[in-house]
**Student:** 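Would you mind keeping the following structure in view while I ask a few things?
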Amino acid sequence: MRRAVCPGSFDPITNGHLDIIGRASKLYDVVHVAVMINQSKKGLFTVDERIELIREVTADFGNVEVESFHGLLVDFCKQREIPAIVKGLRAVSDFDYELQMAQMNNGLSGVETLFVPTNPTYSFLSSSLVKEVATWGGDVSHLLPPAVHEALVKRLGEL
């Protein structure tokens with residue numbers, strides 16, 4: 001069985017993330033979405049909320065499993081016998097950082113990293129940018145799956 005992981009914080013998951021996960025789901029039998037827990041970052045959504053949103057918006061793919069993980073991504077991969085990490089690249093600046101991570105991960109565990117160029121429609125998109133624009137009242141509905149947009153608007157209304 002061919003397995004891969006798409007890691008990230010997904011706070012919140014965007015159409016750009018969904019594009020990469022969907023494309024990976026066509027290449028692999030099972031795609032694990034690893035919601036990485038970073039204790040030093042305060043997320044807008046809890047990890048459990050992110051997992052639930054990701055499960056909802058990836059349900060149609062049929063081969064995506066979503067869970068959280070704290071620690072090294074290569075340990076996540078080793079525990080689940082996942083040989084590949086799939087990462088989206090938006091720009092050359094992403095490549096510089098991601099190449100270093102890919103080389104480190106391969107050196108630590110032999111796990112390979114596959115880089116998928118982001119759909120040009122989403123080349124500027126990040127969760128941080130979406131949150132910032134939405135906080136100031138900008139329309140980000142076209143950048144998020146509808147359920148995620150609804151959750152974002154609701155959460156920002158609670159702040």
Side-chain angles (χ1 to χ4, degrees), residues 1-132 140 143-145 147-148 151-152:
M1 185 173 297
R2 296 169 315 189
R3 302 154 61 95
V5 62
C6 290
S9 57
F10 305 104
D11 187 37
I13 188 168
T14 68
N15 287 340
H17 293 129
L18 201 54
D19 176 59
I20 297 299
I21 294 166
R23 289 160 66 193
S25 77
K26 293 175 185 174
L27 300 171
Y28 291 93
D29 299 316
V30 178
V31 174
H32 297 261
V33 175
V35 179
M36 306 304 280
I37 300 169
N38 184 341
Q39 306 288 21
S40 65
K41 279 188 175 180
K42 170 85 170 88
L44 183 62
F45 293 97
T46 68
V47 171
D48 289 340
E49 289 170 330
R50 288 182 243 169
I51 289 171
E52 189 54 40
L53 285 169
I54 296 166
R55 284 182 177 148
E56 183 176 345
V57 300
T58 62
D60 288 345
F61 297 141
N63 63 341
V64 174
E65 297 181 8
V66 186
E67 60 189 298
S68 65
F69 189 73
H70 177 68
L72 294 175
L73 181 58
V74 293
D75 291 337
F76 180 92
C77 292
K78 279 192 238 177
Q79 292 168 7
R80 290 155 186 81
E81 298 180 356
I82 299 171
I85 300 165
V86 175
K87 300 286 293 202
L89 294 178
R90 295 172 292 193
V92 173
S93 56
D94 285 350
F95 181 76
D96 290 339
Y97 173 75
E98 294 296 348
L99 179 62
Q100 291 176 7
M101 290 300 298
Q103 291 169 331
M104 177 63 79
N105 288 337
N106 185 267
L108 289 172
S109 66
V111 172
E112 295 291 349
T113 300
L114 283 81
F115 297 124
V116 178
T118 301
N119 179 322
T121 304
Y122 309 121
S123 64
F124 66 92
L125 189 53
S126 70
S127 295
S128 299
L129 185 58
V130 165
K131 288 185 288 192
E132 184 175 347
V140 295
L143 303 174
L144 303 168
V148 176
L152 177 63

**Student:** Is it true that a side-chain atom of E52 and a backbone atom of E49 form a donor plus acceptor pair closer than 3.5 Å?
**Tutor:**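 Between the backbone of E49 and the side chain of E52 there is no qualifying donor-acceptor contact (under 3.5 Å).
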**Student:** Given K87 and L114, is the side chain to side chain contact (heavy atoms under 4.5 Å, CB included) satisfied, shown in steps?
**Tutor:** CA-CA 6 Å; K87 300 286 293 202; L114 283 81; over 6 Å; no
**Student:** Is the number of heavy atoms from other residues, nucleotides or ligands within 6.0 Å of CD (Q79) greater than 12?
**Tutor:** yes
**Student:** Could you state the interatomic distance from CZ (F115) to CG (D94), rounded to the nearest 0.5 Å?
**Tutor:**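 Answer for the CZ-CG pair, F115 versus D94, is 9.5 Å.
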**Student:** Taking atom OG1 of T46 and atom CD1 of I37, what is their separation to the nearest 0.5 Å?
**Tutor:** 10.5 Å
**Student:** Is any side-chain heavy atom of P83 closer than 4.5 Å to a side-chain heavy atom of V111?
**Tutor:** no
**Student:** Could you tell me which non-hydrogen atom of F45 sits nearest to which non-hydrogen atom of P12, and how far apart they are?
**Tutor:** CE1-CB, 3.9 Å
**Student:** Check whether any side-chain N or O of N63 sits under 3.5 Å from a backbone N or O of S25 as a donor-acceptor pair, and report yes or no.
**Tutor:** yes
**Student:** Minimum heavy-atom separation for P7 to L73, with atom names?
**Tutor:** CG-CD2, 3.6 Å
**Student:** Does S127 reach the side chain of V130, with side-chain heavy atoms less than 4.5 Å apart?
**Tutor:**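 Counting from C-beta outward, S127 and V130 never come under 4.5 Å.
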**Student:** Might you work through the side chain to side chain contact (heavy atoms under 4.5 Å, CB included) test for S9 and M36, ending with a clear yes or no?
**Tutor:** CA-CA 5 Å; S9 57; M36 306 304 280; 5.9 Å; no
**Student:** Does any part of the side chain of F10, heavy atoms only, come nearer than 4.5 Å to the side chain of V33, both counted from C-beta?
**Tutor:**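 With C-beta onward as the side chain, the pair touches.
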**Student:** Taking the side chain as C-beta and beyond, is there a heavy-atom pair between V5 and F69 under 4.5 Å?
**Tutor:** no
**Student:** Rounded to the nearest 0.5 Å, what separates atom CG in D75 from atom CG in L108?
**Tutor:**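 Taking CG in D75 and CG in L108, the distance rounds to 8.5 Å.
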**Student:** Could you tell me which non-hydrogen atom of R23 sits nearest to which non-hydrogen atom of V116, and how far apart they are?
**Tutor:**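 Closest pair (atom of R23, atom of V116, distance): NH2-CG1, 3.1 Å.
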**Student:** Tell me whether the count of non-hydrogen atoms from other residues, nucleotides or ligands lying under 6.0 Å of CD in E67 goes above 12.
**Tutor:**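 Count over threshold, so yes.
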**Student:** How far apart are the closest heavy atoms of C77 and I85, and which atoms are they?
**Tutor:** SG-CG1, 4.1 Å
**Student:** Set out, in order, the CA-CA distance, both residues' side-chain angles and the distance that settles side chain to side chain contact (heavy atoms under 4.5 Å, CB included) for R3 and D29, then state yes or no.
**Tutor:** CA-CA 6 Å; R3 302 154 61 95; D29 299 316; 5.8 Å; no
**Student:** CE/M104 to CG/L72 distance, rounded to the nearest 0.5 angstrom?
**Tutor:** 9.5 Å
**Student:** Does a side-chain heavy-atom distance below 4.5 Å link Y28 with V86?
**Tutor:** yes
**Student:** Within a strict 4.5 Å, meaning less than it, do heavy atoms of the L144 and L152 side chains meet?
**Tutor:**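 Yes; the side chains approach each other to less than 4.5 Å.
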**Student:** Can R90 and E98 be counted as an ion pair, charged N to O under 4.0 angstrom?
**Tutor:** no
**Student:** For L89, is there any backbone N or O sitting under 3.5 Å from a side-chain donor or acceptor partner on T118?
**Tutor:** yes
**Student:** With no hydrogens and no angle check, just 3.5 Å: does a side-chain donor-acceptor pair link R80 and H32?
**Tutor:**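 No, H32 and R80 have no side-chain donor paired with an acceptor closer than 3.5 Å.
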**Student:** Quick check: do T14 and Y122 have side-chain heavy atoms less than 4.5 Å from each other?
**Tutor:** no
**Student:** Minimum heavy-atom separation for F61 and G22, please, with both atom names.
**Tutor:** CZ-CA, 3.4 Å
**Student:** Considering only NZ, NE, NH1 and NH2 on the basic side and carboxylate oxygens on the acidic side, decide whether D11 and R50 come within less than 4.0 Å.
**Tutor:**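 A salt bridge is present here (some side-chain N lies under 4.0 Å from a carboxylate O).
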**Student:** Please round to the nearest 0.5 Å and tell me the distance separating atom CG of D19 and atom NE2 of H17.
**Tutor:** 11.0 Å
**Student:** May I have the step-by-step check of side chain to side chain contact (heavy atoms under 4.5 Å, CB included) for V31 and C6, ending in yes or no?
**Tutor:** CA-CA 7 Å; V31 174; C6 290; 3.9 Å; yes
**Student:** Is the CG atom of D96 crowded by more than 12 outside heavy atoms at less than 6.0 Å?
**Tutor:** yes
**Student:** Please report the closest heavy-atom contact between V66 and V64, naming both atoms and the distance.
**Tutor:**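 In terms of heavy atoms, the two residues are closest at CG2-CG1, 4.0 Å.
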**Student:** So with a 6.0 Å cut-off around OH of Y97, is the heavy-atom count from everything else above 12?
**Tutor:** no
**Student:** Nearest 0.5 angstrom please: T58 OG1 to E65 CD, how far?
**Tutor:**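 Here the interatomic distance stands at 10.5 Å.
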**Student:** Are P145 and N15 side-chain neighbours, meaning at least one heavy-atom pair lies under 4.5 Å?
**Tutor:**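 In short, these two side chains touch, coming nearer than 4.5 Å.
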